[in-house]
Amino acid sequence: MEGDCLSCMKYLMFVFNFFIFLGGACLLGIGIWVLVDPTGFREIVAANPLLITGAYILLAMGGLLVLLGFLGCCGAVRESKCLLLLFFLFILIIFLAELSAAVLAFIFRENLTREFFTKELTKHYQGSNDTDVFSATWNSVMIAFGCCGVNGPEDFKFASVFRLLTLDSDEVPEACCRREPQTRAGVLLSREECLLGRDPFLNKQGCYTVILNAFETYVYLAGALAIGVLAIELFAMIFAMCLFRGIQ
């Protein structure tokens, strides 16, 4: 009976880690694809440093999952205590890191408020200066989502660096102008009228509301997914330890 239980645990461990291995391979493939041909992603994140960072994060996660899946599968099939112990330690480290990240996200959640983003925008935004990562990212977001500022165009009346660089000649940056289509490659309806703050040529809605509405569903989905991942990792540790203890 004990042998049958151990055999069942071994095959469950193998199947479980085979799917982890496949998931890691998919992430690796996506990461390589983004690095090799990132054209489709530049409308979302035009600032190259952020794009490259995201791709490398995907590569790192994919590589780690491939390694975990490999250790789990080999440890189960070969009934190797060494490989199972390594698998358990890796999963434990990831589990603790994710818990720490969740706690830190909860503690610093106030940094994601409308007031925080408004303060940062008015303090650091430099207009069309794409060499500045902060400004380039904001420009990318405003173009991609068809929005302007955090609350609306009025935010740029208080953007000290932006007003200094434009000598108070522009009411809003070019990224706030309406385009047809609303993409970075889209044609501006009227750059001159837009920079003067004329309504028909200007995106009036603030980015905070637009992005919040766009991602509201995905926030709950991400939370449920995070809980599911933590539960899977917990079961993986239990499987690994049970199999470890059952191997002679």
Side-chain angles (χ1 to χ4, degrees), residues 38 41-57 101-220 222-223:
F41 296 91
R42 284 181 178 165
E43 296 303 326
I44 304 296
V45 184
N48 285 336
L50 295 181
L51 181 68
I52 297 297
T53 300
Y56 281 124
I57 288 173
V103 171
L104 288 174
F106 180 79
I107 292 173
F108 294 106
R109 68 190 184 282
E110 64 271 11
N111 287 346
L112 300 178
T113 61
R114 183 189 295 267
E115 292 74 20
F116 172 79
F117 286 118
T118 303
K119 179 181 176 182
E120 291 297 301
L121 179 71
T122 55
K123 185 177 179 182
H124 300 293
Y125 183 72
Q126 298 179 21
S128 299
N129 180 12
D130 283 338
T131 59
D132 176 60
V133 174
F134 180 87
S135 303
T137 302
W138 263 107
N139 290 335
S140 199
V141 167
M142 290 191 289
I143 292 171
F145 288 93
C147 54
C148 185
V150 178
N151 309 288
E154 63 276 6
D155 287 345
F156 296 100
K157 293 179 180 178
F158 310 101
S160 55
V161 179
F162 169 71
R163 304 228 63 84
L164 180 65
L165 291 173
T166 58
L167 302 176
D168 284 332
S169 61
D170 298 339
E171 293 295 318
V172 295
E174 186 179 300
C176 285
C177 299
R178 292 182 62 191
R179 299 163 183 258
E180 190 59 45
Q182 188 60 48
T183 64
R184 183 168 286 273
V187 179
L188 296 172
L189 297 187
S190 175
R191 184 178 184 276
E192 293 76 16
E193 294 292 324
C194 168
L195 297 183
L196 291 174
R198 306 284 167 77
D199 286 1
F201 309 98
L202 175 68
N203 293 312
K204 298 284 290 183
Q205 195 167 12
C207 292
Y208 190 88
T209 302
V210 171
I211 294 174
L212 199 65
N213 291 339
F215 288 101
E216 186 176 11
T217 303
Y218 299 103
V219 168
Y220 296 109

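- When side chains are defined from C-beta on, Lys204 does not count as touching Cys148, because their heavy atoms never get closer than 4.5 Å.
- The ring-ring contact (aromatic ring centres under 6.0 Å, His included) check on Phe156 picks up Tyr125, Phe162, with sequence neighbours excluded.
- Annotation for Gly149 and Leu121: closest pair CA-CD2, 3.8 Å, computed over non-hydrogen atoms.
- The distance from the CD atom of Glu171 to the CZ atom of Arg198 is 9.5 Å, given to the nearest 0.5 Å.
- The two residues Val172 and Cys194 have their closest heavy-atom pair at CG2-O, 3.4 Å.
- Side-chain atoms of Ser140 never come within 3.5 Å of backbone atoms of Ala136 as a donor-acceptor pair (strictly under, hydrogens ignored).
- Between Tyr208 and Phe117, the two ring planes are tilted [angle within 30° to 60°].
- For the atom pair CG of Leu196 and CZ of Arg191, the computed distance is 10.5 Å after rounding to the nearest 0.5 Å.
- At distances below 3.5 Å, at least one donor-acceptor pair connects side-chain atoms of Gln182 with backbone N or O atoms of Ile143.
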What's the verdict on disulfide bond (SG atoms under 2.5 Å apart) for Cys176 and Cys147, showing C-alpha distance, side-chain angles and the deciding distance?
CA-CA 6 Å; Cys176 285; Cys147 54; over 6 Å; no
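- The backbone N or O of Val150 sits less than 3.5 Å from a side-chain atom of Asp155, completing a donor-acceptor pair.
- The structure places CD of Glu174 at 10.5 Å from CE of Met142, a figure rounded to the nearest 0.5 Å.
- Interatomic distance, CG of Leu165 versus OG of Ser160, reported as 9.5 Å (0.5 Å rounding).
- Atom CG in Leu188 sits 11.5 Å away from atom CZ in Arg178 (nearest 0.5 Å).
- Within the model, atoms CD of Glu120 and CZ of Phe134 stand 6.0 Å from one another, a figure rounded to the nearest 0.5 Å.
- Taking both residues in full, the closest heavy atoms of Val161 and Gln126 are given as CG1-CG, 3.8 Å, listed atom of the first, atom of the second, then distance.
- A side-chain donor-acceptor contact under 3.5 Å links Arg163 to the backbone of Asp170.
- The shortest side-chain heavy-atom distance between Val141 and Ile211 falls under the 4.5 Å cut-off.
- Leu195 has its side chain within reach of Cys177: a pair of non-hydrogen atoms, C-beta onward, lies under 4.5 Å apart.
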